[in-house]
Amino acid sequence: MEPLAFSLLLLWPTLVSLNGAGDGTWARFASLPYPEDNLFLHATFPEGFMWSVGTSAYQTEGAWQQDGKGVSVWDTFTHKQLSANGDVASDSYNNIERDISAIQTLGVTHYRFSIAWTRIFPDGLLSSRNEVGLRFYSHFIQRLRDIGVEPIVTLHHWDLPQALQDRYGGWINETLVDRFSEYARFCFEAFGHRVKYWITIDNPYALAWHGYSTGKLAPGINGAPRVPYTVAHNLIK
Ligand SMILES: *[C@@H]1O[C@H](CO)[C@@H](O)[C@H](O)[C@H]1NC(C)=O
């Protein structure tokens, strides 16, 4: 799983950046000054090595209220406590073809992205199913396959439906184990014939600790000492 370490969340402080802000990063690596740059060529890696880049839904999709998407704890958290938010982000939701061609240009073999639970199930429960959200991911997965890039899908990259936070207290409540399991099973059935790599929950440590103890990340709870451990336990289950 090493290539996945490039996951954008490692760049946490750059949660939101302006369009084109990444250009400088690419420029820095455009012509490395030392001969060792040859070590980075594809040819020196074993056959079948997984070259991947990755994103999370909240950090890239934007379109936070578009086409029936529900509100997630990250929408609420950024609107309440941060000066920046992912309302638009890199507007990936409305620019699939642009992103597909960017992925193609990078020459990767795999692309990791996450499904926004609230796009398929606006209030988190199966009964709230939103066909537009479902078609969005179905189409995106198809476009990846069209260009020969294998999708790696994260089911939950922290953007819990706000409705599940309000109704149950979020991951503190063991009920979430069943709600997540229903959602996961639905995704496996809907996309499983075209998706062979799945990641269940991104970085559960950060979610449990910073979401429910330090309050630095959504849902921003400063829980009692045992709260993050209960959350972690539920995430593991
Ligand atoms: C979990 O949610 C149910 C239903 O709302 C509630 O009755 C129960 O108290 C919650 N448990 C915790 C630990 O918050």
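Start at 1 and go down the list; that is how both ligands and their atoms are numbered. For the numbers below, each heavy atom of this structure counts, side chains included, while hydrogens, waters and symmetry mates do not. Treat the numbers as computed from the prediction; the structure is a model and nothing was measured.
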closest protein heavy atom to atom 4 (C) of ligand 1 is Tyr168 CD2, 3.8 Å
How long is the span from the CG atom in Asp75 to the NZ atom in Lys80, to the nearest 0.5 Å? 12.0 Å
Proximal candidate to atom 10 (C) of ligand 1 [heavy atom criterion; set Thr175, Val227, Asn173]: Asn173
Let's go through Tyr197 and His110 carefully: what are the C-alpha distance in whole Å and the side-chain angles of both, what is the deciding distance for ring-ring contact (aromatic ring centres under 6.0 Å, His included) to 0.1 Å, and is it a yes or a no? CA-CA 10 Å; Tyr197 297 95; His110 295 68; 5.6 Å; yes
Could any protein non-hydrogen atom be found less than 4.0 Å from atom 14 (O) of ligand 1? yes
Just to confirm, does any protein heavy atom lie below 4.0 Å from atom 7 (O) of ligand 1? no
Counting neighbours of NE2 on His79 that are heavy atoms of other residues, nucleotides or ligands and sit closer than 6.0 Å, is the number greater than 12? yes
Could you tell me whether Arg119 sits above the aromatic face of Tyr93, with NZ or CZ closer than 6.0 angstrom to the six-membered ring centre and within 45 degrees of the axis? yes
Please report which non-hydrogen protein atom sits nearest to atom 5 (O) of ligand 1, along with the residue it belongs to and the distance in Å to one decimal place. Arg167 O, 3.3 Å
So, taking the atom named CD1 in Ile201 and the one named CG in Leu235, what distance separates them when rounded to the nearest 0.5 Å? 5.0 Å
